[in-house]
Engineer: 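Let me begin by handing over the structure; questions about it come next.
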Amino acid sequence: MPNILITNDDGIQAPGLRALAESIKEIAEVTVVAPLHERSAAAQSLTLRQPIYYEQVAEREYAVDGTPADAMILAFHTLLGEKPDLVISGINRGGNMGENVYYSGTVGAAMEAAINHVPAIAVSVALRGKEYDFEPAARFTRSLAPLIMKEGLPPGVILNVNVPQPWTGSVRFTRQSSKITRNLLKPGTDPRGRNYFWLHEQQLVEGIEPDTDIAAVRDGAISITPLELDHTHAASLNHLSHWAKRLEASAKR
Ligand code: MN
């Protein structure tokens with residue numbers, strides 16, 4: 001059986017991770033290394049100014065008091081005997097689409113895996129109803145995982161999977177959309193008289209491009225977006241490279 005490492009950013013007790021682990025156990029030896037507490041929107045941040053406590057909480061399960069990326073680093077460097085065949089991060093409670101992938105701890109963990117040369121996918125459920133049901137996404141991931149392990153992914157590329165609830169049964173490969181939410185700041189005052197803003201967000205409904213992640217999910221289709229570690233914009237690199245001579249000349253003056 002292949003070895004699959006499961007993590008998330010909602011915390012090791014989150015129902016999305018539990019549903020995923022149960023489903024994947026049917027096709028692989030599963031190890032869970034995940035944050036002890038919810039670390040949503042931790043992106044790929046690391047804990048550098050304090051120790052990273054960890055604890056084995058069950059057979060092949062470790063809770064890490066750190067970020068999703070911390071959990072991956074501990075997994076690869078100490079907790080796992082050898083590198084896994086695949087990392088699956090999720091199943092996140094809430095979609096991770098558009099430019100919001102830059103904040104996502106679910107995606108951040110998958111990116112950390114890719115940096116460590118392990119194929120990885122991030123899986124999220126985008127809910128339009130009331131109660132989350134992670135089963136359809138868990139089953140879909142169980143059919144996607146063997147395909148990835150057989151076909152492989154290009155180095156430095158992860159798959160960002162968003163499963164709508166309800167799901168119509170169709171699957172689309174998409175590109176990342178622009179930001180699909182607007183930041184909102186709700187002001188308030190705490191019991192000690194200190195002022196704060198509480199950050200939350202509002203979904204945008206206009207300006208959605210048809211071939212994007214959010215468009216697929218709006219249509220009830222699963223969206224799979226390949227994301228790349230290398231953020232270099234090749235066209236700009238070409239276009240701007242002549243600036244170097246000008247900058248060197250102005251430095252001489
Ligand atoms: Mn989350």
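Just follow the structure's listing: the first ligand is 1, and inside any ligand the first atom is 1. Owing to the predicted nature of the structure, the values given are computational and were not obtained by experimental measurement.
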Engineer: Could you go step by step and tell me if Asp9 and Thr106 meet the side chain to side chain donor-acceptor pair (under 3.5 Å) rule?
Structural biologist: CA-CA 5 Å; Asp9 76 356; Thr106 310; 3.3 Å; yes
Engineer: Just how far is it from atom CD1 of Ile214 to atom CE of Met97, taken to the nearest 0.5 Å?
Structural biologist: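 Ile214 atom CD1 to Met97 atom CE measures 3.5 Å (nearest 0.5 Å).
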Engineer: Are there any protein N/O/S atoms under 2.8 Å from the Mn ion (ligand 1), and if so, which?
Structural biologist: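 Only Asp9 OD1, Asp10 OD1, Ser40 OG, Asn92 OD1 fall inside 2.8 Å of the Mn ion (ligand 1).
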Engineer: After noting the C-alpha distance and the side-chain angles of Glu61 and Arg18, does the key distance pass the salt bridge (Lys or Arg N to Asp or Glu O under 4.0 Å) rule?
Structural biologist: CA-CA 11 Å; Glu61 288 200 20; Arg18 302 323 316 179; 2.6 Å; yes
Engineer: Which heavy-atom pair separates Arg39 from Pro68 by the least distance, and what is that distance?
Structural biologist: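 So the two residues come closest at CB-CD, 3.8 Å.
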Engineer: Walk me through it: do Thr189 and Asn195 pass the test side chain to side chain donor-acceptor pair (under 3.5 Å)?
Structural biologist: CA-CA 4 Å; Thr189 306; Asn195 296 327; 3.3 Å; yes
Engineer: Considering residues at least two apart in sequence or located in another chain, which fulfil the side chain to side chain contact (heavy atoms under 4.5 Å, CB included) criterion with Glu29?
Structural biologist: Asn3, Arg60
